[in-house]
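Below: the structure, in structure tokens.
This chain uses plain numbering: 1 for the first residue, then up along the sequence.
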Amino acid sequence: FTSTREMSSMARQALHWVFKVPSPRADTMQFYREVLGMTVLRHEEFEKGCEAACNGPYDGRWSKTMVGYGPEENHFAIELTYNYNVSSYKLGNDFQGITIQSRESLARARMVGWPVKVEEGRSVLEAPGGYKFFIVDQPQPTNRDPVLSVAIGVSNMTRSVAYWSGLLDMMVTSATTSTTSLSYNPGTQASLVLVSQPSVEHAKAAGRIAFSIPSLQLAGMQDKMKAANTTILTPLVSLGTPGKATVEVVILADPDGQEICFVGAEAFKELSKVDPDGERLLNDAIDGDKSDEWFKRKGRKKIDG
């Protein structure tokens, strides 16, 4: 017997984590393409800041590059946002790492000379900006997404589990004295891991996790979170991408301020289709990015986020 809550939960999907990437962008793209072995799923350029602060609190020109191990409809992706006028971002302790099963990534890292660190017995690859990826030293799976989980810090586990499971309907799949794992569909999707720590600092590098939800559930979710007196950062809004589908989103914040995006599943499925020109568009954008030269010529520096 499957309950109504479980059926509603299984209709939701963990989509991606959003990173703000430092300059130069080419270094970041080398890491995801040549070390982790991800492919460019789509690339988009924007002339002004996102209405839902997708690129952070910045108003200028920016880009979004989605990378992953397969189509977004059944793989957890990484959204790389690049602000043309920002040099780097201060790292907090909110993001605790993404775990990937990929012995091949470790081999590629050693081949290109990318440092492989070891923390508490786990192999770690660090992306530009200081973002950590924990690599499980086993062959990359072919029957599921190699991205296993994304971990975030929480300051009060009981309160956070009540939020993520009690309000957002995620299923608790396992727990230790210091962690809790949750998922909307543990058999096919990356899990969210809550890691207990004394305090949570987001700083300027703060990321965002995104989930899809049937569009008809968005307004009801917003009402539910409002009734529970939780934080709604961006009320239900429509976001357009030139030449692509317009999506509806609600941006929430958990008890520690972690940003959470819920997007209407139907329109997102159209928006997120793999773009065969994505790789070329990204390469063209990198080749055409003269922002460093412009700032140097003007005797100015890019800002530190």
### Query
Does a salt bridge link Lys64 with Glu44, judged by any charged N lying under 4.0 Å from a carboxylate O?
yes
### Query
Do Ser183 side-chain atoms and Asn185 backbone N/O form a donor-acceptor pair below 3.5 Å?
yes
### Task
Would you confirm whether Glu104, through its side chain, and Gln140, through its main-chain N or O, come within 3.5 Å as a donor-acceptor pair?
yes
### Query
Do Asp256 and Ser155 get their side chains close enough for a donor-acceptor pair, meaning under 3.5 Å?
yes
### Message
Checking the side chain of Ser196 only, and the main-chain atoms of Ser178 only, is there a donor and an acceptor separated by less than 3.5 Å?
### Response
no
### Task
Indicate yes or no for a side-chain donor-acceptor contact from Ser174 to the backbone of Thr180 under 3.5 Å, with no hydrogens or angles considered.
no
### Message
Please check: side-chain N/O of Gln138 versus main-chain N/O of Ser102, any donor-acceptor pairing under 3.5 Å?
### Response
no
### Query
With ILVMFWY side chains joined below 4.5 Å, transitively, what does Leu239's cluster contain besides itself?
Leu15, Leu233, Val237, Val247, Val249, Ile251, Val263, Phe268, Leu271
### Query
Going by an N to O cut-off under 4.0 Å, is there a salt bridge joining Asp59 and Lys48?
no
### Task
Salt-bridge test for Glu79 and Arg208: reply yes if a basic N is under 4.0 Å from a carboxylate O, no otherwise.
no
### Message
Regarding Arg122 and Thr99, do their side chains bring together a donor and an acceptor under 3.5 Å, going by distance alone?
### Response
no
### Task
Say whether Tyr69 and Arg144, considering side chains only, have a donor N or O and an acceptor N or O under 3.5 Å apart.
no
### Query
Between Arg108 and Glu34, is there a salt bridge with N-O shorter than 4.0 Å?
no
#### Entry: Pairwise distance CG(Asn74) to OG1(Thr188) - rounded to 0.5 angstrom
9.0 Å
### Query
Looking only at atom types and distance, does a side-chain atom of Ser160 sit under 3.5 Å from a main-chain N or O of Asn156, one as donor and one as acceptor?
yes
### Query
Can you find a side-chain donor-acceptor pair between Gln96 and Gln197 that sits under 3.5 Å?
yes
### Query
Strictly by modelled atom types, are Tyr184 and Asp169 linked by a side-chain donor-acceptor pair under 3.5 Å?
no
### Message
Let's go through Phe133 and Phe31 carefully: what are the C-alpha distance in whole Å and the side-chain angles of both, what is the deciding distance for ring pair (Phe, Tyr, Trp, His ring centres under 6.0 Å) to 0.1 Å, and is it a yes or a no?
### Response
CA-CA 11 Å; Phe133 288 79; Phe31 174 78; 5.7 Å; yes
### Query
Okay, side chain of Asp275, backbone of Asp277: is any donor-acceptor separation there less than 3.5 Å?
yes
### Query
Side chains of Asp94 and His202: do they bring a donor and an acceptor to under 3.5 Å?
yes
### Message
Counting only heavy atoms from other residues, nucleotides and ligands, does the tally under 6.0 Å from NZ of Lys269 exceed 12?
### Response
no
### Message
Quick one: does any side-chain atom of Trp114 pair with a main-chain N or O of Glu126 as donor and acceptor, under 3.5 Å?
### Response
yes
#### Entry: Heavy-atom donor-acceptor pair, Glu45 side chain to Leu281 backbone, under 3.5 Å
no
#### Entry: Arg61 to Tyr84, cation-pi by 6.0 Å centre distance and 45° axis angle
yes
